[in-house]
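Here the structure is a predicted model, which is why all the values come from computation and not from measurement. In each ligand, atom 1 is the first atom listed, and ligand 1 is the first ligand listed. When a residue number appears, it is its place in the shown sequence, counting from 1.
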Amino acid sequence: MDATDPAGPAAVAVVALWAMLPAYVPNNVAVVAGGGRPIDGGRTWNGHRLLGDGKTWRGTVAGVLAGVGLAVLANTAHESVGTLVGVGLPTVTLPAAVGLAAGAMLGDVVASFLKRRTGRERGAPVPGLDQLDFVVGAVALAALLDPRWFVGTFLRPVTVLVAVVVLTPVLHLGTNGIAYRLGLTDEPY
Ligand code: CTP
Ligand code: MG
């Protein structure tokens, strides 16, 4: 089966989620690994923090490394997993993996920057932004660092990119709902 031409909506969804794996872990790893010196070094702008204490160097670096590490793992497993589920799964090039992982963190950082500019304190939820910031950042930086991979994976067919944008927030809300019921987070979103 051709990895760039998934047949049927289920196959498209599986390809989309597989390609996005390196973008899904960084934010979660940052929650666990975060702490220490904030990226903005405590600086403020117009009376509000630049980013806030929720964006730390340790969390960001750990998140990016975890995302790239997962891409390397996924590349060694894509054939066997693909055979198992009956879908041709794409590999993720190193530049694309860096783009997906660092872009996910960057999107989250940009969202925090915007939240602080609008007077929202650390942790204030912004529905929509919270679910899509890392998707937009990940896809955009991956497209920038490896345009060929981006076109071949997300635009052929373009339904893969549509599936990413539609399924990621759904998945995000689902896992957050589970984490909330398990008592791991304070908010169900
Ligand atoms: N985290 C981190 N570094 C990052 C992202 C997250 O250290 N680049 C850690 C922080 O401990 C943060 C937690 O993960 O508090 C949850 O992340 P997130 O929800 O993105 O941050 P918030 O605390 O909600 O802050 P913000 O309002 O700025 O999003
Ligand atoms: Mg938050």
Side-chain angles (χ1 to χ4, degrees), residues 16-17 19-74 92 94-146 150 161 164-189:
L17 297 181
M20 284 295 283
L21 281 179
Y24 289 155
V25 281
N27 297 278
N28 298 300
V29 168
V31 174
V32 181
R37 197 174 137 76
I39 295 173
D40 66 9
R43 277 182 282 273
T44 58
W45 185 22
N46 287 337
H48 294 283
R49 286 288 294 277
L50 217 51
L51 300 174
D53 284 332
K55 306 295 118 146
T56 68
W57 286 112
R58 205 167 72 204
T60 305
V61 170
V64 172
L65 288 179
V68 175
L70 185 68
V72 172
L73 265 179
V92 182
L94 191 60
V98 171
L100 288 171
M105 295 267 73
L106 188 67
D108 183 53
V109 164
V110 170
S112 289
F113 177 79
L114 295 176
K115 286 196 232 177
R116 299 303 94 83
R117 303 288 69 74
T118 52
R120 291 175 174 83
E121 295 307 322
R122 173 188 180 181
V126 181
L129 188 67
D130 286 333
Q131 287 74 38
L132 279 173
D133 55 10
F134 71 97
V135 188
V136 174
V139 172
L141 199 60
L144 206 70
L145 295 188
D146 195 341
F150 167 74
L161 186 58
V164 165
V165 174
V166 172
L167 290 180
T168 306
V170 174
L171 204 74
H172 191 89
L173 285 172
T175 53
N176 279 15
I178 292 167
Y180 175 71
R181 259 159 231 126
L182 292 175
L184 297 174
T185 57
D186 297 336
E187 315 277 359
Y189 39 76

- Determine whether the side chain, the backbone, both or neither of Arg58 has a heavy atom under 4.0 Å from any heavy atom of ligand 1.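 It is neither; nothing of Arg58 touches ligand 1.
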
- Message: Please work out, at 4.0 Å between heavy atoms, whether the side chain, the backbone, both, or neither of Asp130 comes within that distance of ligand 1.
- Response: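 Near ligand 1, Asp130 shows nothing, with every heavy atom at 4.0 Å or more.
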
Ligand 1 atoms in contact with [X] (distance to a heavy atom under 4.0 Å):
X	value
Arg116	26 (P), 27 (O), 28 (O)
Ser112	26 (P), 28 (O), 29 (O)
Asp108	5 (C), 20 (O)

Whether the side chain of [X] engages the backbone of [Y] through a donor-acceptor N/O pair (distance < 3.5 Å, no angle test) should be reported.
X	Y	answer
Asp146	Ala142	no
Arg117	Leu50	yes
Arg37	Thr56	no

- Is any side-chain heavy atom of Val29 less than 4.5 Å from a side-chain heavy atom of Val32?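 A side-chain contact under 4.5 Å is absent here.
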
- Note, Gln131 side chain near Leu173 side chain (heavy atom, < 4.5 Å):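 Yes, side chains in contact.
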
For [atom], find the nearest protein heavy atom and state the residue, atom name and distance (0.1 Å precision).
atom	result
atom 8 (N) of ligand 1	Thr60 OG1, 2.9 Å
atom 7 (O) of ligand 1	Thr56 OG1, 2.6 Å
atom 14 (O) of ligand 1	Val31 CA, 3.3 Å
atom 29 (O) of ligand 1	Lys115 NZ, 3.1 Å
atom 15 (O) of ligand 1	Arg122 NH2, 2.7 Å
atom 9 (C) of ligand 1	Ala30 O, 3.3 Å

- Message: With rounding to the nearest 0.5 angstrom, report the CG to CG distance, Leu114 to Asp133.
- Response: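 Reported to 0.5 Å precision, the distance equals 9.5 Å.
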
- Please work out which of Arg120, Lys55, Arg37 has its closest non-hydrogen atom nearest to atom 18 (P) of ligand 1.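 Shortest heavy-atom distance from atom 18 (P) of ligand 1: Lys55.
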
- Selected option - heavy-atom contact closest to atom 4 (C) of ligand 1, from Gly63, Ala62, Gly34, Gly54: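 It is Gly54 whose heavy atom sits nearest to atom 4 (C) of ligand 1.
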
- Query: Strictly under 4.0 Å, does any heavy atom of Gly123 approach an atom of ligand 1?
  - Reply: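 For ligand 1, residue contact (heavy atoms, under 4.0 Å) with Gly123 is present.
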
- Task: List the atom of Trp57, the atom of Ile39, and the distance in Å for their closest heavy-atom pair.
- Result: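 Nearest heavy atoms, Trp57 then Ile39: NE1-CA, 3.6 Å.
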
- Task: Assess whether side-chain contact (heavy atoms from CB on, under 4.5 Å) is satisfied between Thr44 and Arg116, documenting all intermediate values.
- Result: CA-CA 9 Å; Thr44 58; Arg116 299 303 94 83; over 6 Å; no

- Message: Checking side-chain polar atoms at under 3.5 Å, does Thr118 have a donor or acceptor matched by the opposite partner on Arg120?
- Response: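 Arg120 and Thr118 do have a side-chain donor-acceptor pair below 3.5 Å.
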
